[in-house]
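Right, one structure below, let's go through it.
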Amino acid sequence: MNNAMGQTARNIITPIIAFLIVLALWEFWVRWNGWPTYKMAKPSDLWPAFMRHRALFLEYGWQTLWRTVAGLGLAVLFGVFLGMIMGLSRTMNAALYPLLVGFNAIPKATVVPIVALVFVGQHDFNTILVAFMISFFPIAVSVALGLSTLEPEYRDILRALGASPFTIFWKIALPKTLPEFFGALKVAVTLAFIGTNLVEIVTPHGRGLGHLFDSARINSDYPLMFAVLFALAILGIALYYVVVFLESIFAGWANRQGH
């Protein structure tokens, strides 16, 4: 019990200390160079900027969050489905994997104008679609890898005992893929935020934190720009730890506590 509490305290306190050190160095660096706010913001400038625009932060933060979660949800559904197809069939894996790699290699910033042109005026749909497109790849690959590396002995034993293919998948294949799935989902969370903000920045008259960031950039309002970046980081961290919490429930057996 004491070891577990100590580990939890260390996991909370250590990042906070590191974060405070970074803020202190950042503050010192800007003050040392004597930079004005139109050139570089200090950490002490961010809270006033947030308070000046707190209504927009709340509104646009919600816009960014729900679109990101929607895109990530679609990425999970499609990625798991595609990963199952690739992981359970060598033929489908050989056919689809090169296509996925090629698609993932395309810079998504070049895809955003195409999506915006095809779906003119559908800002929410465009944002969700790009968030989905940029985040499903690691999920599909991780599930496919987990299923393709399943030991054939397990399947042979269960088949000999009369287990159906669904039972084999549910009892053996699915639990084995969970660690890889949650590892990929942690990566997909950050990628989904990138996709959301790409559309919010590029699309004219858009909404969301990306749009607020672009407005601040145009006006050279560095305190507001960095306040938006901090808001995005907080949302990303919160969503990341939601995934960590779900991982502890469904795949906690695969975690090894470090020292």
Side-chain angles (χ1 to χ4, degrees), residues 1-19 61-88 100 128 131-151 153-155 157-158 161 163-196 230-259:
M1 179 67 70
N2 291 333
N3 290 337
M5 293 178 61
Q7 179 69 27
T8 302
R10 183 172 61 185
N11 291 341
I12 295 174
I13 294 174
T14 303
I16 292 176
I17 294 175
F19 177 68
W62 168 247
Q63 294 274 350
T64 296
L65 181 61
W66 83 258
R67 292 168 182 157
T68 301
V69 171
L72 186 62
L74 290 177
V76 169
L77 294 176
F78 182 76
V80 170
F81 176 73
L82 192 61
M84 288 172 57
I85 293 176
M86 295 169 58
L88 298 175
L100 286 180
I128 293 171
F132 154 75
M133 291 168 61
I134 203 172
S135 59
F136 83 90
F137 177 78
I139 297 174
V141 171
S142 67
V143 173
L145 181 63
L147 291 176
S148 63
T149 57
L150 179 65
E151 292 80 356
E153 294 82 5
Y154 291 146
R155 285 181 288 191
I157 293 172
L158 288 174
L161 295 174
S164 65
F166 176 79
T167 301
I168 295 174
F169 173 78
W170 185 258
K171 296 294 185 180
I172 300 296
L174 181 61
K176 187 181 184 302
T177 62
L178 286 178
E180 291 86 354
F181 166 75
F182 279 108
L185 188 56
K186 293 174 185 177
V187 176
V189 164
T190 58
L191 294 177
F193 270 106
I194 293 173
T196 302
F230 264 77
L232 287 170
I234 291 171
L235 290 179
I237 291 170
L239 200 54
Y240 175 88
Y241 277 103
V242 168
V243 175
V244 170
F245 174 73
L246 295 175
E247 181 184 26
S248 67
I249 295 175
F250 296 104
W253 51 267
N255 292 332
R256 296 180 180 178
Q257 296 296 334
H259 297 285

Once side chain to side chain donor-acceptor pair (under 3.5 Å) is applied, do any residues pair with [X], and if so which ones, sequence neighbours excluded?
X	value
T177	none
S135	none
Q63	R67
T68	T196

Show every donor-acceptor pair shorter than 3.5 Å between a side-chain atom in residues 136-144 and any protein atom, with sequence neighbours excluded, or say none if there are none.
unit_1, atom_1, unit_2, atom_2, d
S142, OG, P138, O, 3.2
S142, OG, I139, O, 2.9

For G236 and V189, the nearest pair of non-hydrogen atoms, with its separation, is O-CG1, 4.1 Å
So, for L65 and F193, which heavy atoms are closest and what is the spacing to 0.1 Å?
CD1-CZ, 4.3 Å
Could you state the interatomic distance from [atom1] ([X]) to [atom2] ([Y]), rounded to the nearest 0.5 Å?
X	Y	atom1	atom2	value
I134	T190	CD1	OG1	9.0 Å
L239	Y241	CG	OH	12.5 Å
L72	I128	CG	CD1	12.0 Å

All side-chain contact (heavy atoms from CB on, under 4.5 Å) counterparts of L145, not counting sequence neighbours
S148, T149
Check whether any side-chain heavy atom of F78 sits under 4.5 Å from a side-chain heavy atom of L74, and report yes or no.
no
Report yes if the side chains of L185 and L246 come closer than 4.5 Å at any heavy-atom pair, otherwise no.
no
Under 3.5 Å, is there a donor-acceptor pair between the side chain of S248 and the main chain of F245?
yes
So does F230 have more than 12 non-hydrogen atoms from other groups sitting under 6.0 Å from CZ?
yes
